Amino acid sequence: MKYFFRLLCLIYCLYFFQVKAVQIIQLGVEDVNFFPIYGTYDGNDNKLLEYDGYSADIFRLYNKSQNKYEIKFNPVQIKRLFLEFLDPKSILDAKYPDDPKWAVDLKKVKV
């Protein structure tokens with residue numbers, strides 16, 4: 001009987017405390033203010049601790065709706081963001097904002 005309760009406890013723990021693998025998406029973002037859409041500084045030009053704005057809220061809502069992804073924001077200067085994204089050694093998986101018409105020649109090289 002003692003082993004039955006131990007086995008039952010083990011099954012309970014394994015079922016309810018499952019560790020889910022979360023894929024981290026490194027998102028490169030522009031290190032500027034373009035409020036209310038996005039920004040990395042407050043109204044007094046003080047650096048914020050985290051990416052903020054409407055688009056950041058949308059990404060965070062996506063994180064909550066998906067249990068398998070977590071988005072990490074990586075603010076990068078505008079002039080360096082696209083080149084860093086294209087760098088094979090870069091940690092960035094995606095960049096925001098982006099447009100299909102921006103740097104078309106460089107994008108062809110990446111693919």
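A quick note: this is a predicted structure, and the numbers were derived from the prediction, not measured. FYI, side chains are in, hydrogens and waters are out, and symmetry mates aren't considered; it's all heavy atoms of this structure.
A centroid separation of 6.0 Å or more is found between the aromatic rings of Y51 and F59.
In this structure, the separation between CG on L81 and CG on L92 is 7.0 Å, given to the nearest 0.5 Å. The OH atom of Y41 sits 14.0 Å away from the CG atom of D52 when rounded to the nearest 0.5 Å. Distance check, rounded to the nearest 0.5 Å: CD1 of I25 to CG of N74 gives 12.0 Å. Residue K72 holds its NZ atom at 7.5 Å from CD of Q26, rounded to the nearest 0.5 Å. Once rounded to the nearest 0.5 Å, the distance linking CG of D87 with CG of L83 reads 9.0 Å.
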Can you check side chain to side chain contact (heavy atoms under 4.5 Å, CB included) on Y38 and V32, steps first, answer last?
CA-CA 8 Å; Y38 58 86; V32 297; 4.1 Å; yes
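One hydrophobic cluster, built from ILVMFWY side chains closer than 4.5 Å, holds both I37 and F73. Cluster annotation: I78 and L27 are assigned to the same hydrophobic cluster (Ile/Leu/Val/Met/Phe/Trp/Tyr, side-chain heavy-atom contacts under 4.5 Å, transitive).
Two residues are said to be in side-chain contact when any heavy atoms from C-beta on lie closer than 4.5 Å; Y69 and Y62 meet this criterion. Between E30 and P97, the closest side-chain pair of non-hydrogen atoms falls below 4.5 Å. Looking only at side-chain heavy atoms (C-beta outward), S55 and Y96 come within less than 4.5 Å of each other.
Using a cut-off of 4.0 Å between Lys/Arg side-chain N and Asp/Glu carboxylate O, R60 and E50 are scored as salt-bridged. A salt bridge between K47 and D31 is present, with a side-chain N of the basic residue lying under 4.0 Å from a carboxylate O of the acidic one.
Side chain of N33 to backbone of T40: a donor-acceptor contact under 3.5 angstrom is found.
Contact record, F82 with A103: CE2-CB, 3.6 Å, taken as the closest heavy-atom pair.
Within a 6.0 Å sphere centred on CZ of F34, heavy atoms belonging to other residues, nucleotides or ligands number 12 at most.
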